[in-house]
Asker: 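Before we start, here is the structure in question, set down as structure tokens.
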There are 2 protein chains.
Amino acid sequence: MTPGEPIHAELIAVVVAVTDAQPRVLTLLDGSALPAGPLESGHRSLQAGLRHWVERHTGHRLGHIEQLYTFADPDRSRAGRSISICYLALANETRTPLGGRVSWQDWYRFFPWEDRRVAHTIIETIVKPGLSHWSAGNPERLTRAARLFGLDGEDWQEDRALARYELLYEAGLVREATRDGRPAHGEFVPGATLAADHRRILATAISRLRARIGYRPVVFELMAEQFTLLDLQRCIEALTGQTLHKANFRRLIESQTLLEDSGNFSSGSGRPAKLYRFRAEVLAERAEAGTRLPLARP
Amino acid sequence: MTPGEPIHAELIAVVVAVTDAQPRVLTLLDGSALPAGPLESGHRSLQAGLRHWVERHTGHRLGHIEQLYTFADPDRSRAGRSISICYLALANETRTPLGGRVSWQDWYRFFPWEDRRVAHTIIETIVKPGLSHWSAGNPERLTRAARLFGLDGEDWQEDRALARYELLYEAGLVREATRDGRPAHGEFVPGATLAADHRRILATAISRLRARIGYRPVVFELMAEQFTLLDLQRCIEALTGQTLHKANFRRLIESQTLLEDSGNFSSGSGRPAKLYRFRAEVLAERAEAGTRLPLARP
DNA sequence: GATCCTTATACTCAAAGTGAGTATATAAAA
DNA sequence: TTTTATATACTCACTTTGAGTATAAGGATC
């Protein structure tokens with residue numbers, strides 16, 4: 001196998017925490033870029049490299065790390081090609097102040113339309129007209145838009161955040177699209193941008209995390225050691241951007257052997273709630289649930 | 001951002017097809033390595049690069065392509081670091097002969113224990129004793145082994161193929177583990193090996209594909225244009241390595257609006273069956289099903 | 001042509017799971 | 001003591017799922 005020409009590799013991290021029922025992402029440069037840095041030699045693995053880099057530059061310890069996606073820049077400079085390897089990491093946001101221009105940002109600042117817990121009219125008043133204009137005379141575009149944004153009675157699938165962002169990009173409705181030379185089809189959809197394609201990477205992370213939540217216990221990385229069922233519900237609501245049915249959520253959680261009673265109770269306004277913690281076994285195994293297929297008896 | 005030192009990048013492909021109710025993977029060197037090659041300049045994207053490379057070297061056109069994982073070699077040579085970007089691609093196996101030492105291999109040749117459609121005793125007679133030996137005095141290892149291989153009444157989760165392979169590797173029960181310097185804990189588990197870490201990459205592909213099948217219509221890339229419900233069932237059974245309940249499978253498929261009647265019928269040894277095809281809309285959208293969470297009414 | 005083998009297709013039934021809602025309990029604050 | 005806010009328990013109809021049985025329609029065999 002021939003070696004091919006040398007290229008440069010960069011690691012990009014989406015570090016997520018949930019605090020005060022709000023998902024947050026770690027940023028540099030006052031909220032305008034994700035943490036990123038070159039892959040250096042001396043790292044045992046890519047994960048180790050990423051962990052080291054983020055901890056050194058932000059002073060933050062990372063929990064669970066998972067790879068998101070790798071992509072190559074189409075030769076942006078004559079200095080040679082570069083590829084970016086992107087990661088999702090979960091952290092417990094400690095409230096220690098971060099140095100310099102490092103900060104935690106509410107991720108819905110970049111994707112306001114993804115938060116359906118609060119009533120807003122972005123989709124009705126801005127997304128829909130923009131996409132209609134873009135779809136003019138093209139029914140295939142129209143059904144795609146409707147399906148992704150839950151327009152004509154279609155239901156909203158929270159884990160399709162990436163596809164929604166990509167559609168807006170394609171339609172020239174986000175700022176970075178025109179920056180890259182696409183024609184606009186209406187007013188820009190509200191939402192802060194990020195450097196390079198970092199907003200797209202963040203959308204990838206949101207999609208991945210939201211998809212995982214449904215069938216794998218990932219949230220425990222984001223929770224305090226002890227928490228109430230409502231805390232857990234609020235955390236999942238924050239990530240998925242949807243509100244959940246309290247009684248049914250409770251039943252769902254209790255039917256699995258995910259949590260154990262800590263013996264303690266919460267204090268605050270209202271009746272005290274039991275404090276739970278994740279069972280040690282669950283933390284160890286990171287069980288991946290099986291898929292649902294109609295198996296036959298052997 | 002500093003550029004970091006230059007490295008070499010390689011693309012590795014797991015190309016999957018299903019023929020005669022058997023999943024197959026495209027190999028080079030008479031079934032001993034996956035197709036791999038250097039990332040070259042002039043490719044618009046990584047996917048385009050892969051597609052081009054595979055088509056040129058194997059003469060096979062690729063269908064759906066999806067990224068699997070990227071990993072870095074821990075500085076294996078002083079010639080500089082190299083990273084491998086792995087892909088899963090689905091193809092329709094045409095029966096055209098392939099040139100040279102290129103061939104399709106039944107993937108269960110490398111993972112015989114993953115095929116549970118046929119009765120075999122590999123797990124009972126070889127895996128279990130080996131893992132027991134490795135787990136001696138370590139109950140945590142024992143429960144992990146039991147859960148992954150469905151030992152003490154635990155149920156088999158077909159999409160955990162990668163975790164199973166990694167466990168066997170850790171326990172030194174596959175050949176490449178001792179090659180990499182791990183102690184063995186019993187007789188090697190049957191199954192052909194592949195060059196470098198290609199067997200591990202194949203396990204990753206199997207896990208990914210099996211996990212997808214449950215909640216996304218991916219199989220159509222692997223089927224002929226028209227097929228019977230039994231054909232479809234056999235294809236999914238081949239991939240998951242499990243047999244399905246016929247009537248319930250049929251109900252599941254029919255309840256979704258996935259297929260359409262082609263008007264034709266199959267001929268063969270029993271009553272002729274309706275021939276279906278995938279609906280054009282499904283092919284276009286590649287719908288991703290939402291996750292199951294107890295949503296609250298707005 | 002009657003019979004058998006094979007596969008397709010239709011239906012049934014009970015158990016489990018899910019969406020939605022109501023009722024009661026227990027704390028702190030007014 | 002009443003209000004307010006939350007926790008927890010329970011109900012009920014409806015849907016989905018696992019498992020199985022019954023009937024239909026071809027080709028092959030006698």
Asker: Kindly say whether, by distance alone, the side chain of A/R251 makes a donor-acceptor pair under 3.5 Å with the base of C/dG19?
Answerer: yes
Asker: Measure CG/A/N248 against P/D/dA13 and give the value in whole Å, please.
Answerer: 16 Å
Asker: Under the rule for salt bridge (Lys or Arg N to Asp or Glu O under 4.0 Å), what residues qualify as partners of B/K128, not counting sequence neighbours?
Answerer: none
Asker: Output the rounded distance in Å from CZ (A/F249) to P (C/dG21).
Answerer: 19 Å
Asker: Quick one: on DNA chain D, does A/Y276 or B/A247 contact a more 5' nucleotide (nearest heavy atom)?
Answerer: A/Y276
Asker: Restricting to ring-ring contact (aromatic ring centres under 6.0 Å, His included), what partner residues turn up for A/F110, sequence neighbours left out?
Answerer: none
Asker: Go through the structure and list residues passing side chain to side chain donor-acceptor pair (under 3.5 Å) with B/E154, not counting sequence neighbours.
Answerer: none
Asker: Please determine whether a side-chain nitrogen or oxygen atom of A/R250 lies at a distance below 4.0 Å from atom OP1 or OP2 of D/dT8.
Answerer: yes
Asker: At how many degrees, to 10°, do the end axes of the helix from C/dG1-D/dC30 to C/dA30-D/dT1 meet when each uses five pairs?
Answerer: 10°
Asker: What nucleotide, of D/dT8, D/dT17, C/dT18, holds the atom closest to the side chain of A/L252?
Answerer: C/dT18
Asker: Expressed as a whole number of angstroms, how long is the span from A/R234:CZ to D/dA5:P?
Answerer: 14 Å
Asker: Which parts of nucleotides 25-30 of chain C does protein reach within less than 4.0 Å, heavy atoms only, written one letter per nucleotide 5' to 3' as B for base, S for sugar-phosphate only and - for none?
Answerer: BBBS--
Asker: Should B/K246 be listed as having a side-chain N or O under 4.0 Å from OP1 or OP2 of C/dA8?
Answerer: yes
Asker: Write down the distance between CG (B/L275) and C1' (C/dT7), rounded to a whole number of angstrom.
Answerer: 14 Å
Asker: Just to verify, what does A/R141 make a salt bridge (Lys or Arg N to Asp or Glu O under 4.0 Å) with, not counting sequence neighbours?
Answerer: none
Asker: Rounded to whole angstrom units, what separation is found between the CG atom of A/D261 and the C1' atom of D/dT8?
Answerer: 13 Å
Asker: Round to a whole Å and report the spacing from NZ of B/K274 to P of D/dG26.
Answerer: 13 Å
Asker: Considering only distance and modelled atom types, tabulate donor-acceptor pairs under 3.5 Å from the side chains of residues 111-119 of chain A, sequence neighbours left out.
Answerer:
from: A/E114; atom 1: OE1; to: A/R164; atom 2: NH2; distance (Å): 3.0
from: A/E114; atom 1: OE1; to: A/R210; atom 2: NH1; distance (Å): 2.8
from: A/E114; atom 1: OE2; to: A/R164; atom 2: NE; distance (Å): 2.8
from: A/D115; atom 1: OD1; to: A/R117; atom 2: N; distance (Å): 3.1
from: A/D115; atom 1: OD1; to: A/R117; atom 2: NE; distance (Å): 2.9
from: A/D115; atom 1: OD2; to: A/R117; atom 2: NH2; distance (Å): 3.2
from: A/R117; atom 1: NH1; to: A/A21; atom 2: O; distance (Å): 2.9
from: A/R117; atom 1: NH2; to: A/Q22; atom 2: OE1; distance (Å): 3.3

Asker: Assign A/L230 to base, sugar-phosphate, or nothing according to its heavy-atom contacts below 4.0 angstrom with the strands shown.
Answerer: sugar-phosphate
Asker: What residues form a side chain to side chain donor-acceptor pair (under 3.5 Å) with A/R144, not counting sequence neighbours?
Answerer: A/E170
Asker: Can you tell me how far P of C/dA20 sits from CG of A/L244, to the nearest Å?
Answerer: 12 Å
Asker: Nearest-Å distance, NE2 (A/H245) to P (D/dT8)?
Answerer: 16 Å
Asker: Given the rule in the side-chain contact (heavy atoms from CB on, under 4.5 Å) test, do B/Y276 and B/T228 qualify, once you have shown the distances and angles that lead to the verdict?
Answerer: CA-CA 6 Å; B/Y276 293 87; B/T228 68; 5.9 Å; no
Asker: Scan for salt bridge (Lys or Arg N to Asp or Glu O under 4.0 Å) pairs involving residues 232-241 of chain B, sequence neighbours excluded, and state none if there are none.
Answerer: B/R234-B/E237
Asker: Please test B/V16 against B/I206 for side-chain contact (heavy atoms from CB on, under 4.5 Å), starting from the C-alpha separation and ending with a verdict.
Answerer: CA-CA 9 Å; B/V16 173; B/I206 293 175; over 6 Å; no
